[in-house]
Amino acid sequence: SAVAGGEPSEMPGMPDYWVFATEEGHGGAIGIRGQSVGSVIRVYITVDSLEDAIAAAETNGGTVLVGPTQVGSMGRYAAVRDPEGSEVGLWEVTGA
């Protein structure tokens with residue numbers, strides 16, 4: 001909270017994974033590397049369409065790590081690896 005603002009709260013059903021909001025519609029999440037999240041840092045970006053973003057990633061040499069996955073009523077995510085090996089999370093807002 002000292003860096004991004006907002007007060008983190010543990011995500012229900014996901015131990016050691018915290019979410020926070022910095023303002024309406026913006027925020028993030030953080031977990032414990034290798035425990036509640038993967039061992040590689042994954043930056044997330046918001047996209048209009050997961051399917052379009054995944055297609056663009058694959059067209060440009062990326063590979064899909066996690067296909068479209070619903071996260072409660074908040075939205076959906078997917079994850080891709082770019083040609084240099086970096087992981088990028090894709091987030092699509094679908095609800096409140």
Taking a hydrophobic cluster as the set of Ile, Leu, Val, Met, Phe, Trp and Tyr residues connected by side-chain heavy atoms closer than 4.5 Å, whether directly or through intermediates, do [X] and [Y] fall within one such cluster?
| X | Y | value |
| --- | --- | --- |
| Val40 | Val66 | no |
| Ile45 | Tyr77 | no |
| Val88 | Leu65 | no |
| Tyr44 | Val64 | no |
| Ile54 | Val47 | yes |

Would you say Met14 and Val19 make side-chain contact, with heavy atoms under 4.5 Å? no

Could you check whether any side-chain heavy atom of Glu58 comes within less than 4.5 Å of a side-chain heavy atom of Val80, counting everything from C-beta outward?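 No - every pair of side-chain heavy atoms lies 4.5 Å or more apart.
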
Before giving the answer on side chain to side chain contact (heavy atoms under 4.5 Å, CB included), spell out for Val71 and Met11 the whole-Å C-alpha distance, their side-chain angles and the decisive distance to 0.1 Å. CA-CA 11 Å; Val71 179; Met11 179 81 161; 3.9 Å; yes

Atom CG of Asp16 and atom CD of Gln35: how far apart are they, to the nearest 0.5 Å?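 Those atoms lie 6.5 Å apart.
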
For the atom pair CG (Leu90) and CG (Asp48), what is the distance rounded to the nearest 0.5 Å?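 Between atom CG of Leu90 and atom CG of Asp48 there are 12.0 Å.
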
A quick test of your reading: do over 12 heavy atoms of other residues, nucleotides or ligands sit less than 6.0 Å from CG of Asn60?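 Counting other residues, nucleotides and ligands, CG of Asn60 exceeds 12 neighbours.
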
Is a side-chain donor or acceptor of [X] paired with a backbone partner of [Y] at a separation under 3.5 angstrom?
| X | Y | value |
| --- | --- | --- |
| Thr63 | Gly61 | no |
| Ser36 | Ile32 | yes |
| Glu87 | Val43 | no |
| Glu92 | Thr46 | no |

Search all heavy atoms of Ala79 against all heavy atoms of Arg42 and return the closest pair with its distance.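 Taking every non-hydrogen atom into account, CB-CZ, 3.4 Å.
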
Which heavy atom of Arg33 sits nearest to which heavy atom of Ser39, and what is that distance? CD-O, 3.3 Å

